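Here the structure is a predicted model, which means the values were calculated and not measured. Each chain gets a letter, A, B and so on, in the order the sequences are listed, and its residues count up from 1.
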Number of protein chains: 2
Amino acid sequence: MQINALDTVFAMVQLKPVIGCGNCPIRHNAVCAECDADELAILERAKSYVTFSAGARLAEAGEPLDHLSSIITGCATMSRTLEDGRRQTVGLLLPSDFIGRPGRANSAYDIEAVSEVTLCRFERRTFEDLVRNTPHIATRLMTMALDELDASRDWAVVLGRMTAREKVVSLLVNLARRAARREGKTAPEKSFTLHLPLSREGLADYLGLTIETTSRQFTALRKDGLFEMLSNRELRIVDFDRLVIEAGEDDDGGVIV
Amino acid sequence: MQINALDTVFAMVQLKPVIGCGNCPIRHNAVCAECDADELAILERAKSYVTFSAGARLAEAGEPLDHLSSIITGCATMSRTLEDGRRQTVGLLLPSDFIGRPGRANSAYDIEAVSEVTLCRFERRTFEDLVRNTPHIATRLMTMALDELDASRDWAVVLGRMTAREKVVSLLVNLARRAARREGKTAPEKSFTLHLPLSREGLADYLGLTIETTSRQFTALRKDGLFEMLSNRELRIVDFDRLVIEAGEDDDGGVIV
DNA sequence: CGCTTTCTTGACTGGATTCAAATATGGTGG
DNA sequence: CCACCATATTTGAATCCAGTCAAGAAAGCG
């Protein structure tokens, strides 16, 4: 599977920009969030939409990446695979997340669509000009980069010091918080349904665990009453507070202070 | 030790700005790297110097951090400690590295001086104004944040997927590359002396390992002829290329593409 | 409905941790 | 300058958590 992914079809469907930035679902969270009407008009002219099917490679580590994009819908992973096949996912990309780095021509990681993904994208040069000439894009990009940096460091604590059980719970807590935020809530409810965007293998690659260990932890957590499994990808969290406690992080609730 | 660190004296020695920005050792690498003479003049008026002795806490996770700083000399760690004492270091701060985040009043991590540290610092408000009004600072800060983000994600691969041996070697390779860059070289020589800024405990906290495992790996690597130990903190690397191979990362040489 | 893929479970192994003790190091005062 | 002490580091032995290998169960898809 890991090997065969190389043969993945680079399925791609070009789309005309059918929605205006004003109606864009990620309007208030993406790199354009701080833009005013005039700035949006400029983006409107420069942007294009593209859709990749699940499994497609959006970028490959070390290879040129000549568009910078925001995810509008769908989910992708950012990962690196070592020569012997060990893979570590370093980011889960969801709507409003940004792909690529201004000022760098090559991708540092593999980026793969794990579901159908639609991007709002700009040619590298065009976007770099936008960053230079549009202060609201530059500041927003900076904020997003710093947020990602904090998230990445927080995840390092999970990878470096947590047990398999704590790792799984930490990921569930993170996914729940991101889902809640996408729905405009401050925090998840006490009880709710959580959709897992990744397979067990995808989760394992994110957690620095094997599939088997990840699966065993799911079973254990279910037996311990932390959630019910409606399906392999759908959990019913019983008591979110208990989950947070199990995560073991001396966490402030994920709220940015 | 971990507990007693709480009693650490917040030793601090105020210094007048004795060096001009033009002569500053981190002039071309720090957040001010892109500034022109006029901009430096503004920084010159706003900056102040402060020195902390080894062991001092420069910041505490969750607590206010009301200065933003650049490290001029010395070394500090950025870490988080879980309630039960497990600690993970998420960053090693060396000369020209930046401490703090514009737009956030509280530190996300503990920051501790591991040697005597001298900072060039600005009051939060002052610096935030500088970022807003000085494009060269904003762009440099962005570049630094993105570099740190890549470094943090690269480290996640090490924490999540590497063996104890590979972790130790990866850290040595990183330290060697940073040292070489500080000396203006592109890459380390084949053979050279490497100073370890951290104790075995400090290294272990960075690697997500115990002191014992870290120590055992040092012994094994020494026996395997990868380096000689001139002292506990001083290694003589025999063949850097071999070290890079042992690190196992499909690494491009750490050069930013 | 049958096939493939994904997920779960079991048994065993092994690398890193834990607990414990010995040794080395570095700083300090005599 | 050296002896001494506290601290840091190394080493040893036993344990345990997660990995590996293998097989069975469930889910998804044509």
Worksheet item: For B/Gly208, which contact category applies under a 4.0 Å heavy-atom criterion: base, sugar-phosphate, or nothing?
Response: sugar-phosphate
Students should find that the end-to-end axis angle of the helix from C/dC1-D/dG30 to C/dG30-D/dC1, with five pairs defining each axis and rounding to 10 degrees, is 50°
Could you check whether any side-chain N or O of [X] sits under 3.5 Å from a backbone N or O of [Y], counting only pairs where one atom can act as donor and the other as acceptor?
X: A/Arg161; Y: B/Leu209; value: yes
X: A/Tyr109; Y: B/Asp154; value: yes
X: A/Gln88; Y: A/Asp205; value: yes
X: B/Glu234; Y: B/Ser231; value: no
X: A/Arg86; Y: B/Gly160; value: no
X: A/Thr193; Y: A/Ile237; value: no
X: B/Ser115; Y: B/Gly74; value: no

Under a 4.0 Å heavy-atom cutoff, the residues of residues 226-235 of chain A touching DNA chain C are A/Met229, A/Asn232
Residues of residues 210-223 of chain B with a heavy atom under 4.0 Å from any atom of DNA chain C, listed by number, are B/Thr210, B/Glu212, B/Thr213, B/Arg216
Find the distance [X]:[atom1] to [N]:[atom2] and express it as a whole number of Å.
X: A/Arg86; N: D/dA18; atom1: CZ; atom2: P; value: 18 Å
X: B/Asp84; N: C/dT17; atom1: CG; atom2: C1'; value: 14 Å
X: B/Leu196; N: C/dT25; atom1: CG; atom2: C1'; value: 15 Å
X: B/Glu201; N: D/dT10; atom1: CD; atom2: P; value: 13 Å
X: A/Arg165; N: D/dC16; atom1: CZ; atom2: C1'; value: 17 Å
X: B/Arg161; N: D/dA18; atom1: CZ; atom2: C1'; value: 11 Å
X: A/Leu203; N: C/dT6; atom1: CG; atom2: C1'; value: 12 Å
X: B/Lys167; N: C/dA16; atom1: NZ; atom2: P; value: 8 Å

Point to revise | Beyond-backbone contact of B/Gln217 with B/Lys167, side-chain heavy atoms, under 4.5 angstrom | key: no
Are A/Thr51 and A/Val117 packed together at the side-chain level, in the sense that at least one heavy-atom pair is separated by less than 4.5 angstrom? no
Rounded to the nearest 0.5 Å, the CG atom of B/Leu198 sits from the CG atom of B/Leu175 at a distance of 7.5 Å
Rounded to the nearest 0.5 Å, the CZ atom of A/Phe227 sits from the CZ atom of A/Arg242 at a distance of 10.5 Å
